[in-house]
Every structure is written in C-alpha cells, then in structure tokens.
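First the structure, in the form of structure tokens, and then the observations on it.
For clarity, every value in this text was computed on a predicted model and none was experimentally measured. Lettering follows sequence order; numbering is per chain, from 1.
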Number of protein chains: 2
Amino acid sequence: MSSDAPATGPQRQTRQRTAVQSVLEGRDEFTSAQDLHDLLRRQGTAVGLTTVYRSLQALADAGQVDVLVTAEGQTLYRRCSSEHHHHLVCRTCGRTIEIAGPAVETWADAIAREHGFSDISHTLELFGSCPACSSG
Amino acid sequence: MSSDAPATGPQRQTRQRTAVQSVLEGRDEFTSAQDLHDLLRRQGTAVGLTTVYRSLQALADAGQVDVLVTAEGQTLYRRCSSEHHHHLVCRTCGRTIEIAGPAVETWADAIAREHGFSDISHTLELFGSCPACSSG
DNA sequence: CCCTTAGTGAAAACGATTGTCAAAACCAGT
DNA sequence: ACTGGTTTTGACAATCGTTTTCACTAAGGG
Ligand SMILES: [Zn+2]
Ligand SMILES: [Zn+2]
Ligand SMILES: [Zn+2]
Ligand SMILES: [Zn+2]
C-alpha cells in the first residue's frame with residue numbers, strides 16, 4: 001500500500017554531513033543537536049547549527065540514527081544497530097545500552113490486536129543509574 | 001536529606017482548579033494544556049492559560065493525571081487510574097485504553113539489573129489505529 | 001569548465017512552556 | 001464586617017529548542 005522505498009532524496013556528499021556522521025560514530029550516548037554542534041566546533045570542523053539539525057533529520061529518516069525525546073521535550077540522537085531494539089539509559093551519565101525484547105514485541109502486538117487496533121507501533125525505554133554512577 | 005517534608009504545598013480549592021479537574025474527568029483522550037484552555041473557554045468557565053499549566057503541573061505532581069510527551073515534544077495530560085499502567089493510543093482519534101503489563105514490568109527490572117543498573121523506571125506506549133478509525 | 005540544483009548558514013520566526021509581578025481572592029483573627 | 005498576611009491568578013514578557021527564510025556556496029554530471 002504505502003509507497004515502497006523511503007525515497008531517500010538526493011544525497012550529496014558534503015563536508016558537513018560527513019562530519020556529523022563521524023562524530024555520531026564516536027559516541028555511545030544519545031546526544032542533542034546543539035551538543036553535536038558544539039562538539040563539531042571544538043573538534044575544528046565547524047558546521048552550522050541549522051545544518052546539524054538537517055543532517056540529523058535526514059539520518060533519522062534514513063533510519064541510520066535512533067531518535068529519543070526526553071521528558072523535557074528535547075530530541076536526542078544516537079548511531080545504533082539497524083535492527084529494532086530499545087534502550088537502557090543512565091539518567092546521570094547518559095551511557096546507553098541497546099536491548100532487544102522479542103517477548104515485549106509480541107506482547108505489544110497481541111494486546112493491541114486484542115483491542116481491535118491495527119498498524120501498531122510502540123515506544124519503550126528504560127532509565128536508571130549505571131554501575132559507575134550509582135556507586136556514589 | 002534535603003529540606004523537610006515533601007510539603008505538598010497548600011492547596012486552596014479555587015474555581016479554576018475545579019474547572020480544570022472537571023474537564024479532565026470528562027475526557028478519555030490525552031489533552032494538551034492549550035486544548036484544555038480552549039475547552040474551558042468554550043465551556044464558559046474561562047481560566048488563564050498560565051493557570052491551566054500550573055493546575056496540570058500540580059495534578060501531575062500529585063499523581064492524579066498521567067503525562068505523555070509526544071514525539072513532537074508536546075506534553076499531554078489525562079485523568080487515569082492510579083495504579084501503574086501504560087497506554088494504547090489511537091494515532092487518529094486519540095482514543096486511549098489503559099493497559100497493564102505485569103510481565104513487562106518484571107522483564108524491564110530484570111534486564112536493567114542484569115546490566116547492573118539500579119533505580120529503574122521505564123516508559124512504554126503503544127500506538128495504532130482503533131477499530132473505528134481503521135475501517136476507513 | 002559550466003551550469004543546474006542541492007546544500008549551507010546567519011538571522012528571523014515559531015511555538016510550547018515558564019517566569020514575572022501587580023492585582024484579586026482567601027482565610028483566620030480581631 | 002474590617003484587617004493583615006498568604007496564596008492564587010493571569011496578562012504579558014521571556015526562554016529555548018527547533019524550523020523557516022533566503023541569499024549564497026559548492027557538489028558533480030555533462
Ligand atoms: Zn538505538
Ligand atoms: Zn520493540
Ligand atoms: Zn494513564
Ligand atoms: Zn510499566
């Protein structure tokens with residue numbers, strides 16, 4: 001039904017996009033567009049904030065980065081594996097671990113179908129204090 | 001530790017707070033502060049937008065309403081049962097069903113502990129098309 | 001090299017939420 | 001009812017993350 005391939009619009013290889021991607025490669029925490037912008041500046045490869053936002057948007061659309069909206073409404077991004085998964089995030093240091101939950105997936109679908117809902121999707125994230133941060 | 005009692009600050013029962021609560025009682029969808037503000041105005045019992053936000057904040061702190069942050073960063077509120085639960089929300093009409101998932105709760109705790117995390121919390125929401133909306 | 005077109009970014013616009021602060025509503029205690 | 005102190009209200013300004021604008025730059029195919 002819906003259009004097939006996500007129609008990945010034209011993609012020119014620019015210095016900026018490469019920079020954003022490379023910074024993401026090197027981090028395992030979820031990071032905000034603004035923080036990424038700062039990191040890029042410090043690292044020498046300055047990129048306009050607007051472009052950082054656009055690059056992240058594109059990467060997210062292409063499914064190359066995961067998006068996480070905090071309780072405060074901030075949007076964070078992270079380079080993740082491509083399979084469907086969820087996250088266990090440290091509330092203090094941001095350290096993130098990808099977790100798979102086959103059981104949860106089927107449970108979610110079952111519950112939803114049970115109520116007559118279709119075209120189901122879900123969000124599931126775990127938060128806590130990682131070993132390092134909780135041993136304060 | 002910090003200051004004394006959690007001091008659930010004084011709570012005067014005002015016309016405004018009553019109005020906000022009553023509107024929430026009558027809805028089963030998650031609603032934004034602004035929409036609530038409009039509903040109140042239309043209904044005749046006008047309440048300042050600032051006050052609507054404050055009332056909702058208070059209700060949320062008191063655990064009397066559930067809070068949901070959309071992917072777009074908007075904060076929505078809903079009068080829910082007091083036990084811990086999650087939601088199955090229709091993407092189209094907003095109709096919401098509360099769901100319990102004991103299995104998920106234990107799974108979440110187990111996974112987190114397995115990775116050495118403590119003080120765990122989680123967010124889990126299901127989205128889909130309800131029977132009425134999907135029969136289009 | 002040239003031209004078309006996508007990409008860039010500084011600055012302005014947005015929009016939900018929060019802060020400010022003077023006026024209004026409450027609530028004892030006279 | 002009158003009074004003084006505290007709480008609440010709400011119009012308006014201020015925040016702040018994100019998006020839009022739009023003139024300018026630079027991929028990259030021919
Ligand atoms: Zn991920
Ligand atoms: Zn899942
Ligand atoms: Zn609820
Ligand atoms: Zn739960």
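- Across the protein-nucleic acid pair, B:D38 atom CG and C:dA16 atom P stand 11 Å apart, rounded to whole Å.
- Per the geometry, CG belonging to A:L40 stands 14 Å off C1' belonging to C:dT8, to the nearest Å.
- Using a 4.5 Å heavy-atom cutoff, the side chains of B:W107 and A:I99 are in contact.
- Phosphate contact (OP1/OP2 of D:dT7, side-chain N/O of B:R17, threshold under 4.0 Å): absent.
- Comparing B:L49 and A:S55 by the nucleotide of DNA chain C that holds the closest heavy atom to each, the one mapping nearer the 5' end is A:S55.
- In this structure, B:Q57 places its CD atom 13 Å from C1' of C:dG19, rounding to the nearest Å.
- Side-chain proximity of A:T14 to C:dT8, C:dT17, D:dT9: nearest is C:dT8.
- Rounded to whole angstrom, the span from the CD atom of A:Q21 across to the P atom of C:dG7 amounts to 13 Å.
- B:L68 has its CG atom 12 Å from the P atom of C:dT17, to the nearest Å.
- Side-chain proximity of B:T75 to the nucleotides D:dT9, C:dT8, C:dT17 is greatest for C:dT17.
- Residues A:L59 and A:R79 fail the side-chain proximity criterion, which asks for heavy atoms closer than 4.5 Å.
- Within 3.5 Å, a donor on the side chain of B:R54 pairs with an acceptor on the base of D:dG10, or the reverse.
- Within the structure, every side-chain polar atom (N or O) of A:Q13 is placed at least 4.0 Å from both OP1 and OP2 of D:dG28.
- One interatomic measurement links the two molecules: CD of B:Q16 to C1' of D:dG10, which rounds to 9 Å at whole-angstrom precision.
- Here the side chain of A:R12 is nearest to one of D:dA27, C:dT8, C:dG19, namely D:dA27.
- Rounding to the nearest 0.5 Å places OG of A:S55 at 11.5 Å from NE2 of A:H37.
- The listed nucleotides are D:dG10, C:dT18, D:dG17; the one nearest the side chain of B:R15 is D:dG10.
- In the set D:dT18, D:dT8, D:dT21, D:dT21 carries the atom at the smallest distance from any side-chain atom of A:T50.
- Counted by atom type alone, A:T45 and A:Q43 present one or more donor-acceptor pairs between their side chains at under 3.5 Å.
- Put simply, CD on A:Q11 is 10 Å from C1' on C:dG7, counting in whole angstrom units.
- Expressed to the nearest 0.5 Å, how far NE2 of A:H115 lies from CD1 of A:I120 amounts to 10.5 Å.
- Of the candidate nucleotides D:dT18, C:dA16, D:dG10, C:dA16 has the atom nearest to the side chain of B:Q34.
- Within the 4.0 Å cut-off from OP1 or OP2 of D:dT19, not a single side-chain nitrogen or oxygen of A:Y53 is found.
- Place B:G73 and A:V47 on DNA chain C by their nearest nucleotides, and A:V47 ends up nearer the 5' end.
- Computed from coordinates, the A:H37 NE2 to C:dA10 C1' distance equals 11 Å when rounded to whole Å.
- Using bins of under 30°, 30° to 60° and over 60° for the plane-to-plane angle, the ring pair B:H86/B:H122 lands in the tilted bin.
- In the set C:dT17, D:dG10, D:dG17, C:dT17 carries the atom at the smallest distance from any side-chain atom of B:A33.
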